[in-house]
**Student:** 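Following this message is one structure expressed as structure tokens.
In what follows, chains carry the letters A, B, and so on, assigned in the order in which the sequence lines appear, proteins first and then strands, with residues in each chain numbered from 1.
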Amino acid sequence: MKNKKLFRNLLLKWHREKNKRVMPWKGEKDPYKVWLSEIILQQTRVEQGWSYYEKFIQAYPSITHLAKAKDEEVFKLWEGLGYYSRCKNLLHTARTINEKYSGNFPSDYNTILSLKGIGAYTASAIVSFCFDLPYAVVDGNVLRVLSRYFGIDLPTDSTEGKKIFTQLAQECLDKDQPAAYNQSIMDFGATICKPAPLCNVCCLNKTCIAFNKNKIDLLPVKQKMIIKKERWFSYFIFSFGGKKFVEQRTAKDIWQNLYEFYLEETTANPEWNFEKIKEWLCKKLNITSTRNINIFPARKQLLTHQTIQGYFVCVELNSEPDLNSKTGLWLSDAEINTLAFPRFIHQFNG
DNA sequence: AACTCGGGGTC
DNA sequence: GACCCAGAGTT
């Protein structure tokens, strides 16, 4: 009990005296801006999300601006940030608040928690930062700091672990200044108690259990291991009459709602050459003549759970083909540039 | 309770 | 190559 109070006071002292971290949304009280920043930062580094936050605030100064925006435009702004369901839920919640709550962001924890894309972490962040309500945030930083300081080797990604760490976080919270406390523990985790921590300059090291038992490298404990899938994507960029064939990804799969060119997925390296391409075009799409075919070298993109490898094949056509009744669109480059593509494609296509 | 969802930085 | 990041939704 006493060590929690010590922990809290040491953190707040560090926050007042040594925390130099500056971010555009820090100290912000507008729940729209805090919410937007928290959604952008889910599983995303501050440095990576920074420019997206500024783009969004400039494009949509209020939640009503965002609610009235077109889906394609918002996805284009989100392009490259990943976890695209966040963008879908962002729009859904903006519209819910604009219509159901007349554009006023709710201030009650459970109401906020019920919104799409907002879980326990984000709800706690919003109500503590904006409304000074006593809810402790639990994110990756907090789990790392708590597990080390209190020497808890319960897996942080287990059901029991989540429960215990959430309770502990709530007990450590300074209920008189939840905003400052939550900010301090996350900044501390991000700058001092990092995965590779700076224990030599840490002002909590005298009472940190992991440090004093030499268990820093063993905490926090995670039980789930990551299994990587290998996938081969071959994108055929069909062009005809100044337009290219694109379609939207709708399946429950990566990159849902984003756009792509004609995709052929294989379980192994297709190792394209001109003969194989011509044979495939004839067999699959009944295309027997082309103006030009350009095969680009294989490319690779690493995702957390998948390794995407693949090819881009540009095919200039003599006539518009029947693409197996696929629900696609023939668009100009200008039109294509307004749509959001996965990084894998965007990096190739410029 | 286990899976799935991106892209990028760090070691 | 492994791990992690201001997590959440689905199955």
Side-chain angles (χ1 to χ4, degrees), chain A residues 21 23-26 28 33-53 75 78-90 92-93 112-126 128-129 135-145 147 155-163 165-166 169 179 182-191 193-198 217 219-229 231 249 251-258 300-308 340-347:
Chain A
R21 214 174 182 209
M23 294 168 288
W25 48 85
K26 204 161 172 178
E28 181 60 61
K33 293 183 180 174
V34 172
W35 164 67
L36 175 63
S37 71
E38 295 300 345
I39 301 300
I40 287 175
L41 293 172
Q42 286 169 2
Q43 290 294 287
T44 303
R45 291 170 186 280
V46 164
E47 305 76 47
Q48 191 184 357
W50 191 300
S51 67
Y52 284 86
Y53 173 79
F75 270 92
W78 197 275
E79 182 182 49
L81 193 55
Y83 283 170
Y84 297 93
S85 66
R86 289 184 293 171
C87 185
K88 182 187 174 185
N89 291 331
L90 185 80
H92 183 276
T93 289
I112 292 174
L113 185 61
S114 73
L115 297 167
K116 286 281 184 195
I118 298 182
Y121 163 77
T122 303
S124 297
I126 293 171
S128 65
F129 291 142
Y135 287 83
V137 294
V138 180
D139 71 339
N141 291 310
V142 172
L143 291 171
R144 187 170 54 252
V145 172
S147 67
T156 56
D157 54 354
S158 66
T159 303
E160 189 190 359
K162 281 176 197 162
K163 185 179 157 194
F165 280 106
T166 300
N182 280 338
Q183 191 64 60
S184 71
I185 191 169
M186 287 195 288
D187 283 346
F188 182 76
T191 60
C193 198
K194 302 190 283 187
L198 310 178
D217 295 333
L219 296 170
V221 173
K222 290 198 176 183
Q223 61 182 11
K224 292 173 196 158
M225 51 181 282
I226 294 176
I227 301 167
K228 284 218 174 188
K229 255 195 311 190
R231 302 174 74 178
R249 289 178 67 86
K252 285 179 186 171
D253 193 2
I254 57 171
W255 304 332
Q256 190 174 13
N257 295 309
L258 272 60
K300 183 187 281 193
Q301 165 125 17
L302 303 173
L303 308 182
T304 300
H305 296 275
Q306 302 183 25
T307 301
I308 309 295
F341 284 76
R343 195 66 128 194
F344 184 70
I345 298 174
H346 194 255
Q347 282 186 338

**Student:** What integer distance in Å separates A/Lys229:NZ from B/dT4:C1'?
**Tutor:**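 To the nearest whole Å, that distance equals 9 Å.
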**Student:** Which nucleotide in the set C/dT10, B/dA1, C/dA6 lies at the smallest distance from any side-chain heavy atom of A/Met23?
**Tutor:** C/dA6
**Student:** Would you compute the distance between atom CE of A/Met186 and atom NZ of A/Lys26 and round it to the nearest 0.5 angstrom?
**Tutor:**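 Answer rounded to 0.5 Å: 9.5 Å.
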**Student:** Answer with base, sugar-phosphate or nothing: what part of the nucleic acid does A/Ser158 contact at a heavy-atom distance below 4.0 Å?
**Tutor:**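 No contact.
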**Student:** Between A/Ser37 and C/dA6, does any side-chain N or O lie under 4.0 Å from OP1 or OP2?
**Tutor:** no
**Student:** Ignoring backbone atoms, establish whether A/Gln48 has a side-chain N or O less than 4.0 Å from OP1 or OP2 of C/dC5.
**Tutor:**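 The answer is no; no side-chain N or O of A/Gln48 sits under 4.0 Å from OP1 or OP2.
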**Student:** How would you label the contact of A/Glu47 with the nucleic acid (heavy atoms, under 4.0 Å): base, sugar-phosphate, or nothing?
**Tutor:**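 Answer is nothing: A/Glu47 stays at 4.0 Å or more from every strand.
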**Student:** Would you say a side-chain N or O of A/Tyr53 is under 4.0 Å from OP1 or OP2 of C/dA6?
**Tutor:**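 A/Tyr53 to C/dA6 OP1/OP2: no side-chain N or O under 4.0 Å.
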**Student:** When the distance from CD of A/Glu38 to P of C/dA6 is rounded to whole Å, what number comes out?
**Tutor:**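 Taking CD of A/Glu38 and P of C/dA6, I get 11 Å after rounding.
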**Student:** Mind checking if A/Glu160 touches a base, just sugar-phosphate, or nothing, with heavy atoms under 4.0 Å?
**Tutor:** nothing
**Student:** Between A/Trp255 and A/Phe344, how do the two ring planes meet: parallel, tilted or perpendicular, split at 30° and 60°?
**Tutor:** parallel
**Student:** Starting at NZ of A/Lys194 and ending at P of C/dA6, how long is that distance when rounded to a whole Å?
**Tutor:** 11 Å
**Student:** Please determine whether a side-chain nitrogen or oxygen atom of A/Arg45 lies at a distance below 4.0 Å from atom OP1 or OP2 of B/dT10.
**Tutor:** no
**Student:** For A/Ile126 and A/Trp35, which heavy atoms make the closest approach, and how far apart are they?
**Tutor:** CD1-CB, 3.8 Å
**Student:** Rounded to whole Å, how long is the line connecting atom CG of A/Leu143 with atom C1' of C/dC4?
**Tutor:**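 Answer to the nearest Å: 12 Å.
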**Student:** NA contact type, A/Gly80, heavy-atom cut-off 4.0 Å: base, sugar-phosphate, or nothing?
**Tutor:** sugar-phosphate
**Student:** Under 4.0 Å: is that the gap between some side-chain N or O of A/Gln43 and OP1 or OP2 of C/dC5?
**Tutor:**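 No, no such contact exists.
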**Student:** From the set B/dG7, C/dG7, C/dT11, return the single nucleotide nearest to any side-chain atom of A/Lys252.
**Tutor:**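 Among B/dG7, C/dG7, C/dT11, the one nearest the side chain of A/Lys252 is C/dT11.
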**Student:** Given atom NZ of A/Lys224 and atom C1' of B/dC5, what is their separation to the nearest angstrom?
**Tutor:**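 That distance rounds to 14 Å.
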**Student:** NA contact type, A/Asn182, heavy-atom cut-off 4.0 Å: base, sugar-phosphate, or nothing?
**Tutor:** nothing
**Student:** What closest approach, in Å, do A/Val46 and A/Arg21 show between heavy atoms, and which atom pair accounts for it?
**Tutor:**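 Here A/Val46 and A/Arg21 meet closest at CG2-NH2, 3.4 Å.
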**Student:** Could you check which of B/dG7, C/dC4, C/dA6 has an atom nearest any side-chain atom of A/Lys222?
**Tutor:** C/dC4
**Student:** From the set C/dA6, B/dG7, C/dT10, return the single nucleotide nearest to any side-chain atom of A/Leu41.
**Tutor:**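 Nucleotide nearest to A/Leu41's side chain: C/dA6.
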**Student:** In Å, rounded to the nearest 0.5 Å, how long is the span from CD1 of A/Ile112 to CD1 of A/Ile118?
**Tutor:** 6.5 Å
**Student:** Counting any heavy atom closer than 4.0 Å, what does A/Trp78 reach on the DNA or RNA strands: base, sugar-phosphate only, or nothing?
**Tutor:** nothing
**Student:** Looking only at the side chains, is there a donor atom on one of A/Tyr121 and A/Glu38 sitting less than 3.5 Å from an acceptor on the other?
**Tutor:** yes
**Student:** Just checking A/Ile39: base, sugar-phosphate only, or nothing, at a heavy-atom cut-off of under 4.0 Å?
**Tutor:**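 Counting heavy atoms under 4.0 Å across all strands, no contact is made by A/Ile39.
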**Student:** Mapping A/Phe344 and A/Asp157 to their closest nucleotides on DNA chain B, which lands nearer the 5' end?
**Tutor:**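 Nearest-nucleotide comparison on DNA chain B picks A/Asp157.
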**Student:** Choose from C/dA6, B/dA2, B/dC11 the nucleotide whose nearest atom is closest to any side-chain atom of A/Ala196.
**Tutor:** B/dC11
**Student:** Specify the separation, in whole Å, of atom CD of A/Gln347 and atom C1' of B/dG7.
**Tutor:**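 For the pair A/Gln347 CD and B/dG7 C1', the rounded distance is 9 Å.
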**Student:** If I take atom CH2 in residue A/Trp255 and atom C1' in nucleotide B/dC5, what distance separates them, rounded to the nearest angstrom?
**Tutor:** 12 Å
**Student:** Specify the separation, in whole Å, of atom CG of A/Leu303 and atom P of C/dC3.
**Tutor:** 17 Å
**Student:** Please give me the minimum heavy-atom distance between A/Ala190 and A/Arg144, naming the atom from each residue.
**Tutor:** N-NH2, 4.4 Å
**Student:** 5'-most contact on DNA chain C: A/Val46 or A/Lys228, nearest heavy atom basis?
**Tutor:**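 Nearest nucleotide further toward 5': that of A/Lys228.
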**Student:** Just checking A/Thr304: base, sugar-phosphate only, or nothing, at a heavy-atom cut-off of under 4.0 Å?
**Tutor:** base
